[in-house]
Amino acid sequence: MYLFNTLGRRRVPFDPREPGKVAMYVCGPTVQAAPHLGHGRAAVVFDVVARYLRWRGYEVTYVRNVTDVDDKIIATALAEGVSTDEVVARSYAAFSEAFARLRVEPPTVEPWATHHIPEMIELIERLVETGHAYAAGGDVYFSVRSFADYGKLSGRDLDELLSGARIAPGDHKRDPLDFALWKAAKEGEPSWPSPWGPGRPGWHIECSAMARRYLGDGFDIHGGGQDLVFPHHENEIAQAEAATGKPFARYWLHNGMVNLGGEKMAKSTGHVVDLLGALDRWDPLAVRLFYLRTHYRKPIEFTEEALADAEASLRRLWAFRRRVDAVEATPDREVLDRFIAAMDDDFDVAGALAVVFEAVREGNRRLDAGEDVGGIAAAYDEVVGVLGLAEEVAAVTIPDTLAARFGTEATVDALVARREEARRARDWATADAIRDALAEVGIVVEDTPHGARWHRR
RNA sequence: GGCGACGUGGCCGAGUGGUUAGGCAAGGGUCUGCAAAACCCUGUACCCGGGUUCGAUUCCCGGCGUCGCCUCCA
């Protein structure tokens with residue numbers, strides 16, 4: 001299995017810290033506002049990474065944090081005249097709902113920043129003790145120049161960074177490159193006691209502290225959006241490695257951005273497509289497929305056509321599976337092997353999807369020929385399950401009035417049977433009327449040589 | 001300006017030194033009461049200019065273009 005490691009910018013063999021086990025940490029959302037399409041991508045991408053690794057037999061510990069203390073949360077609360085807790089609760093609920101609808105499995109651990117202040121303080125203390133950090137005016141800063149490896153992830157050169165660096169008013173930095181580990185409390189802000197006085201953690205320290213808390217040093221995979229490479233992940237490495245002298249994370253994976261009109265979606269500029277809104281408008285799994293059909297490291301452009309396209313592709317997949325009843329066969333080995341070959345190559349989901357579509361075509365062909373498709377259908381269930389794209393078969397209820405019109409019970413099966421009866425009698429008018437009536441309540445009926453089949457929408 | 005990624009057929013999107021990716025859309029056909037689904041057939045694409053090579057979309061150099069990071073950001 002090969003991964004593209006941002007650290008080193010190369011495709012390298014994946015070799016976990018402990019055989020058979022994978023420890024991974026992914027930067028989760030700052031619960032400040034409603035999620036947009038970009039947040040969904042990161043969640044789905046790493047969901048598939050975790051699902052796939054588990055499917056391949058690894059015992060995966062997946063940690064995805066929640067950042068619940070931050071400048072913008074405070075600003076939003078202030079602007080709306082509500083508590084920060086309220087802003088956090090509202091945003092967290094929206095993220096959770098969106099992720100669930102995208103069929104993102106919950107991580108093994110979902111640590112909240114504010115529940116890990118002691119771990120952060122401890123890490124900061126170690127940095128101060130070892131001379132990598134200094135307190136100034138109630139703040140504590142990381143001394144970037146004290147960490148020789150600074151820039152190794154993002155490929156930055158300290159002297160070139162200088163031009164962009166700045167010291168904001170009120171900072172007590174000794175060097176413009178330094179960044180805050182701890183910020184002294186200001187009036188009306190949430191704060192916690194610390195050796196440097198009341199305050200709150202800087203953004204970067206939480207991830208270093210929580211990743212170490214749950215996964216230890218030298219854990220396997222650290223993921224996040226490409227926009228976090230610098231400075232966030234660079235800083236995480238600096239803090240953790242300066243404090244411990246040990247490697248922090250071994251493989252760094254970064255997902256590409258979701259663009260809108262050629263430009264990255266960004267919360268700060270309001271240049272976004274609301275995620276929950278999109279999930280209302282399109283099938284959530286079509287949104288999931290929209291994310292998945294492009295390699296995770298590439299940017300994707302949001303367009304309505306792209307979503308419609310994904311929906312059509314999904315329907316093709318699902319239509320095949322509906323043609324097959326219960327599957328108890330052994331999954332087709334070739335399909336599985338080709339799927340694995342694609343996924344093992346830095347999670348080439350697009351390539352893996354091609355395998356699925358080819359299997360579907362072969363399956364349909366065999367069904368048309370009256371041949372057995374058990375192995376293919378079983379393989380389909382395996383791989384589509386790993387990708388989280390299987391159709392959800394929900395219970396269907398229809399109004400009694402509809403059934404009454406055609407003199408039958410209020411079940412889809414009863415109406416379909418009634419229609420079959422009409423068809424046998426060559427009563428096309430009744431047959432079509434039933435089909436139309438079912439269509440109005442979202443049921444599609446299709447005739448096959450072996451009788452009618454129906455499905456939702 | 002610095003660092004990095006990318007540029008594939010109507011659209012989306014993998015991949016490869018020389019044999020069909022795949023999806024969507026389109027046209028033709030088979031099947032079918034109609035419809036839907038499905039299957040078959042149809043498109044020889046890889047930014048531009050050099051170079052390496054028997055041969056490059058695939059490697060190297062240059063150019064053009066797009067995007068990301070360099071400030072909060074999935």
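The basis for the numbers below is simple: all heavy atoms, side chains too, and nothing from hydrogens, waters or symmetry mates. A note on names: the letters A, B, ... follow the listed sequences, proteins ahead of strands, and every chain is numbered from 1.
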Worksheet item: Which nucleotide, in any strand shown, forms a Watson-Crick or G-U wobble pair with A26(B), with both distances under 3.5 Å?
Response: U42(B)
Worksheet entry | Options C67(B), A14(B), G23(B), nucleotide nearest the side-chain atoms of Thr294(A) | A14(B)
Fill in: Candidates A14(B), A38(B), C12(B) - which lies nearest the side chain of Lys298(A)
A14(B)
Practice prompt. Answer with base, sugar-phosphate or nothing: what part of the nucleic acid does Val26(A) contact at a heavy-atom distance below 4.0 Å?
Written response: nothing
Discussion item. Counting only side-chain heavy atoms from C-beta out, which of C69(B), G22(B), G13(B) sits nearest to Phe230(A)?
Written reply: C69(B)
Discussion item. I want to verify a distance call: between C70(B), G22(B), G13(B), whose nearest atom is closest to the Ile300(A) side chain?
Written reply: G13(B)
Worksheet, complete the sentence: With the side chain defined as heavy atoms from C-beta on, Asp368(A) is closest, among A74(B), C39(B), A5(B), to C39(B)
Worksheet item: With sugar-phosphate meaning primed atoms plus P, OP1 and OP2, does Ala306(A) contact a base, only sugar-phosphate, or nothing at under 4.0 Å between heavy atoms?
Response: nothing
Worksheet item: For Thr30(A) and A74(B), is the shortest distance between a side-chain N/O and OP1 or OP2 below 4.0 Å?
Response: yes
Discussion item. Counting only Watson-Crick pairs (N1-N3 plus N6-O4 or O6-N4) and G-U wobbles (N1-O2, O6-N3), all under 3.5 Å, who is the partner of U32(B)?
Written reply: none
Worksheet, complete the sentence: As its Watson-Crick or G-U partner within any shown strand, both distances under 3.5 Å, G4(B) has C67(B)
Worksheet item: Going by an N to O cut-off under 4.0 Å, is there a salt bridge joining Glu391(A) and Arg322(A)?
Response: yes
Worksheet item: A36(B), C69(B), C11(B): which one has an atom nearest the side-chain heavy atoms of Asp309(A)?
Response: C11(B)
Worksheet item: How close or far is atom P of A38(B) from atom CZ of Arg361(A), stated in whole angstroms?
Response: 11 Å
Worksheet item: Within the structure shown, what part of the strands sits under 4.0 Å from Thr448(A) by heavy-atom distance: base, sugar-phosphate, or nothing?
Response: nothing
Discussion item. When you measure only distances, ignoring hydrogens and angles, does the side chain of Arg423(A) come within 3.5 Å of the base of G33(B) through a donor and an acceptor?
Written reply: yes
Discussion item. Using the side chain to side chain donor-acceptor pair (under 3.5 Å) definition, which of the options His222(A), His254(A), Arg297(A) pairs with Thr6(A)?
Written reply: His254(A)
Worksheet item: Does Phe230(A) have Arg156(A) sitting over its ring (NZ/CZ under 6.0 Å from centre, angle to axis within 45°)?
Response: yes
Response to the item:
Nearest heavy-atom contact between Asn65(A) and Cys207(A) is ND2-SG, 4.1 Å
Practice prompt. Could you check which nucleotide pairs with U57(B) in any of the strands shown, counting Watson-Crick or G-U wobble with both distances under 3.5 Å?
Written response: none
Practice prompt. Give a yes/no on whether any side-chain N or O of Asn255(A) is located under 4.0 angstrom from OP1 or OP2 of A74(B).
Written response: no
Discussion item. Measuring from the side chain of Arg323(A) (C-beta onward, heavy atoms only), which nucleotide among A14(B), G33(B), A38(B) has the closest atom?
Written reply: A38(B)
Worksheet item: Is there a donor on the side chain of Asp432(A) or the base of G33(B) sitting less than 3.5 Å from an acceptor on the other?
Response: yes
Fill in: Donor/acceptor link under 3.5 angstrom from Arg435(A) side chain onto base of C34(B)
yes
Worksheet item: Taking any strand in view, what nucleotide pairs with U19(B) in a Watson-Crick or G-U wobble way, both distances under 3.5 Å?
Response: none
